[in-house]
Amino acid sequence: METKKLQGFAICIDPGHGGRDPGAVDGKNASENDTLLTAEKDVNLSVAKVLADKLRLQGARVTLTRGSDWYPSLAQRCQIANNFGASIFISLHCNAGSAQAAGIETLYNPDSKNGKRLAELVQTELIVATKAPSRGARPRSDLWVLNGTKMPAVLIEMGFVTNPGEEAKLNSNSYQAILADAIVKAILRYKKGESV
């Protein structure tokens with residue numbers, strides 16, 4: 001029987017936005033042959049559920065800040081993670097920009113040494129797995145969920161819903177599984193004490 005490598009490790013997953021707050025939205029656009037209508041909140045929640053299942057298979061204790069389409073406040077999200085006693089906090093998001101803007105980035109609180117280490121591992125594994133352009137692991141001091149959580153925290157921008165190619169991938173179950181597998185691999189490396 002395979003050892004559950006994350007046995008007892010507590011992880012809070014935060015699917016960004018939700019409910020009245022759709023996050024980044026990309027509508028259908030005939031000129032770009034774009035037939036998808038994508039709300040970031042839906043992609044975030046879908047990936048979060050896949051990620052939670054994969055982490056539980058590794059023995060982790062997992063909670064989500066939302067398991068359906070509603071909007072917990074930023075303060076509530078931090079409170080959920082802190083009350084759960086999470087070892088790490090993972091916030092999932094999608095980016096918006098021009099139709100050409102592309103890539104994945106992972107943000108962390110510059111005051112958190114372990115947050116930086118987790119972000120670098122997550123970014124590395126996501127780029128290896130997806131071959132997406134890397135926008136780097138980057139410090140951000142102005143994000144509520146990275147400041148209000150008591151544990152190492154990262155915010156992952158999984159791709160651009162405004163880029164037709166990335167939007168199609170983000171809506172695909174198989175690509176969502178690739179993203180989740182890469183994050184699990186990074187968390188396993190983080191728990192082992194590895195750095196990039």
Side-chain angles (χ1 to χ4, degrees), residues 12-55 64-74 76-77 89-108 118-140 142-146 153-187:
C12 181
I13 304 170
D14 173 42
H17 308 283
R20 67 177 190 276
D21 173 14
V25 176
D26 182 74
K28 298 179 181 183
N29 187 329
S31 67
E32 294 174 357
N33 291 322
D34 182 357
T35 58
L36 292 169
L37 173 59
T38 303
E40 176 191 353
K41 67 176 183 177
D42 298 328
V43 175
N44 298 343
L45 182 58
S46 185
V47 175
K49 287 180 173 178
V50 175
L51 176 58
D53 287 344
K54 289 178 181 292
L55 288 168
L64 275 66
T65 57
R66 66 182 181 93
S68 59
D69 187 20
W70 70 288
Y71 180 79
S73 71
L74 297 175
Q76 283 174 311
R77 294 169 198 261
F89 177 88
I90 309 275
S91 190
L92 300 174
H93 288 259
C94 300
N95 236 327
S98 70
Q100 288 75 42
I104 294 172
E105 63 190 17
T106 307
L107 310 175
Y108 63 90
L118 177 59
E120 289 171 346
L121 288 166
V122 166
Q123 183 69 15
T124 298
E125 293 300 339
L126 282 169
I127 298 309
V128 167
T130 64
K131 310 289 190 282
S134 178
R135 298 170 65 87
R138 297 169 49 199
R140 282 284 293 272
D142 59 333
L143 296 175
W144 188 298
V145 294
L146 300 183
V154 297
L155 188 151
I156 306 166
E157 296 280 5
M158 301 180 286
F160 283 78
V161 296
T162 45
N163 176 311
E166 291 197 346
E167 181 189 16
K169 286 180 179 177
L170 288 164
N171 278 283
S172 142
N173 290 339
S174 58
Y175 190 75
Q176 290 181 6
I178 289 169
L179 291 169
D181 282 333
I183 296 168
V184 170
K185 194 169 179 186
I187 291 170

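We use all heavy atoms of the structure for the numbers below, so side chains are in, but hydrogens, waters and symmetry mates are not. Throughout, residue positions are numbered sequentially from 1 according to the sequence presented.
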Quick one, [X] and [Y] - any side-chain contact, counting heavy atoms below 4.5 Å?
X: R77; Y: Y71; answer: yes
X: N171; Y: T38; answer: yes
X: E125; Y: I183; answer: no
X: N163; Y: Q100; answer: no
X: I156; Y: L179; answer: no
X: L37; Y: V25; answer: yes
X: T162; Y: N95; answer: no

Determine whether a donor-acceptor pair (N or O, by modelled atom type, separation under 3.5 Å) exists between the side chain of [X] and the backbone of [Y].
X: S46; Y: D42; answer: no
X: E40; Y: A24; answer: yes
X: R140; Y: L146; answer: no
X: D14; Y: T65; answer: no
X: E167; Y: P164; answer: no
X: E166; Y: A102; answer: no
X: T106; Y: A137; answer: no
X: E157; Y: R135; answer: no

- Just do the salt bridge (charged side-chain N to carboxylate O under 4.0 Å, His left out) check on K41 and D69 with the steps written out, would you? CA-CA 8 Å; K41 67 176 183 177; D69 187 20; 3.0 Å; yes
- Taking atom OG of S91 and atom CD1 of I13, what is their separation to the nearest 0.5 Å? 10.5 Å
If you look at every heavy atom in [X] and [Y], which pair is closest and at what distance?
X: C94; Y: V43; answer: SG-CG1, 3.7 Å
X: G159; Y: I104; answer: N-CG1, 4.4 Å
X: F89; Y: V145; answer: CE2-CB, 3.7 Å
X: S134; Y: Q123; answer: OG-NE2, 2.9 Å
X: L64; Y: P15; answer: CD2-CG, 4.3 Å
X: A119; Y: Y108; answer: CB-CD2, 3.6 Å

